[in-house]
Amino acid sequence: MIYTCTMNSAIDLFTEFEQFSPFVVNRSNFEDYQANGKAINISFMLKKLNIDSTATGFLGGFTGKYIEEELVRNSIDVNFIKVDGITRINTFIRSGELEYKAVNKGPEINQNAQEALLKYIKTFTNEDMLFVSGSLPKGVKDDIFVTIAKLSQEQGFSLVLDISSERLIDCLPYHPYLIKPNDEELAHLLGVSKLESEQELVKAAQQLLDKGAERILVSRGEKGALYVDEKHVLWTTAPKGKVVNTACAGDTMLAVFVGKLIQTGDLEEALIYATAAGSSTAFTAGLSNLEDIPLLRKQIQLKRGSYK
């Protein structure tokens, strides 16, 4: 079974305006509400590939109820830890070529809820895979990522991490199946300001492999993607299109990459398809419906590289 864990879930409100000005009433010409959270997005995208998963994490209040109902409506199993407070609402505003992102903190999670989540994760076996993605809510220290990584080694389940925490480095000795930094996060993990050349990116990914990661997928936005493991270095370019919202593109890429790899076992095909899917999500207000993938993938070029 595949599990997805979102500890700081959200409802995302996407709106578009002709113009967005301060101190006046701005009236939108488009709005869309979506159950969200990075790993929740992964569950939605896996379902679009006809892959089942169970979504877990923390939910609270009427917003948490809405998220759970949306997942169930899409035939996705749920097993969330219920908490006091109200799951957050984030707002993404598009005005002309500009995009504004208002992201809230959400409720504080007490120790009992955290222990309940870890107790649930302890039931996973070597036949399972767990995606842990996104930021942490108030009250949860990033030590929890290392605790989950330890559990993955003890229980034998495959762990996929998409987190911006510096503690990601401390998770690597437990050999996560896959990590997905973007290029900026990759640089930050290694204590450098920027990784500019392809060679620098590959060397940086190699360092994380040496520390214990089994696979690394680097999302690069309009530049495409980089995949590195002990045997492969693969690059993809990104297709062109009008960017509407970038919030969920990385989640889409990660879900589709792992999903296609499970379905086909074809690494190169999975990376090309995932790059197209990530761009497709960036070109729409919500998550891609995958209908434009055949067209987008024609624009993508794949290049094989090496460590040397």
Side-chain angles (χ1 to χ4, degrees), residues 2-8 37-39 41-43 45-46 53 57 121 124 128-136 142-192 195 200-221 223-236 248-262 267 270-271 274-275 277-278 305 307:
I2 295 176
Y3 298 87
T4 65
C5 179
T6 308
M7 288 186 246
N8 204 11
K38 292 180 72 64
N41 291 334
I42 290 170
S43 277
M45 291 309 304
L46 289 173
S53 66
I121 292 173
F124 300 169
D128 299 322
M129 174 179 285
L130 172 64
F131 289 80
V132 177
S133 299
S135 62
L136 292 175
D142 53 5
D143 293 353
I144 198 169
F145 294 132
V146 182
T147 300
I148 292 172
K150 288 180 180 179
L151 288 175
S152 73
Q153 187 176 68
E154 292 169 2
Q155 304 299 118
F157 61 84
S158 299
L159 180 63
V160 180
L161 292 171
D162 182 9
I163 58 175
S164 57
S165 168
E166 293 180 354
R167 296 306 302 274
L168 176 60
I169 289 290
D170 300 317
C171 296
L172 300 186
Y174 303 101
H175 305 292
Y177 173 85
L178 175 70
I179 62 173
K180 194 205 74 63
N182 59 36
D183 43 9
E184 292 180 359
E185 291 168 342
L186 181 58
H188 183 68
L189 281 170
L190 297 174
V192 298
L195 298 167
E200 287 176 335
L201 283 166
V202 172
K203 285 184 176 180
Q206 176 67 60
Q207 289 183 54
L208 299 187
L209 289 178
D210 292 341
K211 292 179 182 295
E214 294 183 0
R215 299 165 183 80
I216 300 172
L217 176 63
V218 183
S219 54
R220 307 189 66 217
K223 295 180 180 179
L226 164 67
Y227 172 85
V228 182
D229 64 24
E230 289 186 351
K231 297 180 179 179
H232 305 91
V233 176
L234 301 174
W235 301 87
T236 52
C248 308
D251 307 333
T252 299
M253 174 181 285
L254 176 58
V256 171
F257 175 74
V258 175
K260 280 295 182 182
L261 199 55
I262 290 171
L267 180 60
L271 186 60
T275 302
Y307 300 128

Set out, in order, the CA-CA distance, both residues' side-chain angles and the distance that settles side chain to side chain contact (heavy atoms under 4.5 Å, CB included) for Ile2 and Asp128, then state yes or no.
CA-CA 6 Å; Ile2 295 176; Asp128 299 322; over 6 Å; no

Given the rule in the side chain to side chain contact (heavy atoms under 4.5 Å, CB included) test, do His188 and Glu166 qualify, once you have shown the distances and angles that lead to the verdict?
CA-CA 8 Å; His188 183 68; Glu166 293 180 354; 3.2 Å; yes

Ring pair (Phe, Tyr, Trp, His ring centres under 6.0 Å) evaluation trace for Phe157 with Tyr3:
CA-CA 10 Å; Phe157 61 84; Tyr3 298 87; 8.5 Å; no

Start with the C-alpha gap between Ile148 and Tyr174, add the side-chain angles, then the distance that decides, and say whether side chain to side chain contact (heavy atoms under 4.5 Å, CB included) holds.
CA-CA 10 Å; Ile148 292 172; Tyr174 303 101; over 6 Å; no

For the pair Tyr227 and Thr275, evaluate side chain to side chain contact (heavy atoms under 4.5 Å, CB included) and give the outcome as yes or no after the intermediate values.
CA-CA 11 Å; Tyr227 172 85; Thr275 302; over 6 Å; no

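With values rounded to the nearest 0.5 angstrom, Ile216 atom CD1 is found 11.0 Å from Glu214 atom CD. Distance check, rounded to the nearest 0.5 Å: CD1 of Ile163 to CG of Leu136 gives 8.0 Å. Annotation: the span from Asp210 atom CG to Lys203 atom NZ amounts to 12.5 Å, rounded to 0.5 Å. Once rounded to the nearest 0.5 Å, the distance linking CG of Leu189 with CG of Leu172 reads 8.0 Å. Distance CD1/Ile144 to CZ/Arg167: 12.0 Å, rounded to 0.5 Å. Between the CG atom of Leu195 and the CD atom of Glu200 there is a distance of 6.0 Å, given to the nearest 0.5 Å.
Minimum heavy-atom separation, Gly224 to Met253: O-CE, 4.3 Å. Closest approach of Ser133 and Ile42 over heavy atoms only: OG-CD1, 3.5 Å. The two residues Glu185 and Ser164 have their closest heavy-atom pair at OE2-CB, 3.4 Å. Nearest heavy-atom pair, Ser165 versus Asp142, reported as atom, atom and distance to 0.1 Å: OG-OD2, 3.1 Å. Across all non-hydrogen atoms, the minimal contact from Met45 to Thr252 is CE-CG2, 3.7 Å. Contact detail for Val202 and Trp235: the closest heavy-atom pair is CG2-CZ2, 3.4 Å.
Side-chain contact between Phe145 and Lys150 is absent, with no heavy-atom pair separated by less than 4.5 Å. At a threshold of 4.5 Å between non-hydrogen side-chain atoms, the residues Leu208 and Ile169 count as touching. Two residues are said to be in side-chain contact when any heavy atoms from C-beta on lie closer than 4.5 Å; Cys5 and Leu130 meet this criterion. At least one side-chain heavy atom of Val218 sits under 4.5 Å from a side-chain heavy atom of Arg220. Put simply, the side chain of Leu254 reaches to within 4.5 Å of the side chain of Leu178, judged on heavy atoms. For the pair Val160 and Val132, the minimum side-chain heavy-atom distance is 4.5 Å or more. Counting only heavy atoms from C-beta outward, the side chains of Leu159 and Leu161 approach each other to under 4.5 Å. In this structure, the side chains of Ser219 and Lys180 come closer than 4.5 Å at one or more pairs of heavy atoms.
No donor-acceptor pair under 3.5 Å is formed between the side chain of His175 and the backbone N or O of Ala213. Looking only at distances, no side-chain donor or acceptor of Gln155 sits under 3.5 Å from a matching main-chain atom of Ser152.
Using modelled atom types and a 3.5 Å distance limit, the side chains of Ser43 and Ser53 yield a donor-acceptor pair. Using modelled atom types and a 3.5 Å distance limit, the side chains of Thr6 and Lys38 yield no donor-acceptor pair.
At most 12 heavy atoms of other shown residues, nucleotides or ligands fall within 6.0 angstrom of atom CD in Glu184.
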